[in-house]
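Contents: one structure, followed by commentary.
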Amino acid sequence: MCGRFAQIYDDSALKQEFQLEDIRENITNRFNISPGMEVNTIIGVSDKNSFVKQHWGINSIHGRELDNLVFNTRSDTFIKDRFGKHFHKTRCIIPVSGFFEWNNKQPYFVKSLKNDILSLAGVFILDRRTNEYSCSVMTVNSIGQLSNIHERMPLILSGYDKIKWLNNSRSDVSDLENICLKRIDTTELDIFRVTDRVNSLLHDSPQCIEKLNENSLL
DNA sequence: CCAGACGTTGTT
DNA sequence: GTCTGG
DNA sequence: CCAGACGTTGTT
DNA sequence: GTCTGG
């Protein structure tokens, strides 16, 4: 699962990664982002990608209140069920520097060894009354090293899959199904313990993603 | 045409 | 809102 | 995801 | 325990 992450990058890195023309909004480094907060996302609109700030977690669909804040969505049922149909043309990417997972009350940070930005697959809802966007991060069963920490992990997109995921105007269902079943090679990931201070959202500093050494674990 | 339905995760 | 079922 | 709170009535 | 807020 994925219930906390960090977004630490500047405009130019995002523009390059997603071929964005312009980012009008301000981007600030955030080291401890939780459901309910505002997050940076990318939405594909007819061959062009746009930067959009969204609320993380969907709490209503078309004026209908949901019982819970839906901040994760299972990728394996995305295509099949009704919920999936709602989001068939509303996919997005949540670019993160890494995400947190807890095991035994202990927080770990997960980031890429290769890139500064990990592309998490997401779906969104646009509330046309308020013009506000809300999104949910897709999840899959975790594998490799990550499965030692947590049963589920976010769906991480790589290569051309990012483009396919963002292309909401030309969706190939079998393409999407394949992407939903793919899982990242976890040897590409760096996974390490971080300070318990990250538990509290009051702590939003570089310390949140610092590797904890063995000695300090005592 | 209208009526009715419409959602996820982790934990124990 | 949008899709399904009748 | 974790942290933190968790209650009602009548009266002025 | 369970809900809310961030």
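Per chain, numbering begins at 1; letters A, B, ... match sequence-line order.
The separation between Leu69(A) atom CG and dC1(D) atom P is 12 Å, rounded to whole Å. With rounding to whole Å, Ile58(A) atom CD1 is found 13 Å from dC6(B) atom C1'. Atom P of nucleotide dG6(E) and atom CH2 of Trp56(A) are separated by 16 Å, given to the nearest angstrom. The CD atom of Glu151(A) sits 12 Å away from the P atom of dC1(D) (whole-angstrom rounding). The CD1 atom of Ile125(A) sits 11 Å away from the C1' atom of dT2(C) (whole-angstrom rounding). Distance CZ (Arg30(A)) to P (dG6(E)): 14 Å, rounded to an integer number of Å. dG5(E) atom C1' lies 13 Å from atom NE2 of His55(A), rounded to whole Å. Atom CG of Asn59(A) is separated from atom P of dC3(E) by 17 Å (rounded to the nearest Å).
Spacing between dA3(B) and dG10(D) at atom P, rounded to whole Å, works out to 42 Å. A gap of 8 Å separates the P atoms of dT11(B) and dC2(D), to the nearest Å. The separation of dT9(D) from dG4(B), taken at their P atoms, amounts to 36 Å, rounded to a whole angstrom. The C1' atoms of dT12(B) and dT2(E) are separated by 14 Å, rounded to the nearest whole Å.
For Val70(A), whose side chain is taken as the heavy atoms from C-beta onward, the closest listed nucleotide among dT8(B), dG6(E), dT11(B) is dT8(B).
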Below 3.5 Å is the cut-off: list the nitrogen or oxygen pairs between protein and nucleotides 2-5 of chain D, distance only.
from: dC2(D); atom 1: O4'; to: Arg4(A); atom 2: NH2; distance (Å): 2.8
from: dC2(D); atom 1: O3'; to: Asn199(A); atom 2: O; distance (Å): 3.4
from: dA3(D); atom 1: OP1; to: Asn199(A); atom 2: ND2; distance (Å): 3.4

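With sequence neighbours excluded, the residues forming a side-chain hydrogen bond (donor to acceptor under 3.5 Å, both in side chains) with Arg152(A) are Thr139(A), Asn141(A), listed by chain and number. For Tyr133(A), the ring pair (Phe, Tyr, Trp, His ring centres under 6.0 Å) test picks out Phe124(A), with sequence neighbours left out.
Nucleic acid contact for Phe71(A): base, since at least one base atom lies under 4.0 Å from a heavy atom of the residue.
Linking Ile, Leu, Val, Met, Phe, Trp and Tyr residues whenever their side-chain heavy atoms come within less than 4.5 Å leaves Ile163(A) and Leu155(A) in two separate clusters. Both Ile143(A) and Met138(A) are members of a single hydrophobic cluster when ILVMFWY side chains are connected at heavy-atom separations under 4.5 Å.
For dT8(D), there is no paired base (Watson-Crick or G-U wobble, both distances below 3.5 Å). Base pairing analysis places dT4(C) opposite dA3(B); the two distances defining the Watson-Crick or G-U wobble pair are each below 3.5 Å.
Here the side chains of Phe71(A) and Ser134(A) are not in contact, with every heavy-atom distance at 4.5 Å or above.
The pair Lys182(A)-Asp185(A) does not count as a salt bridge, with every side-chain nitrogen at least 4.0 angstrom from each carboxylate oxygen.
Atom CE of Met153(A) sits about 8.0 Å away from atom CG of Leu189(A), to the nearest 0.5 Å.
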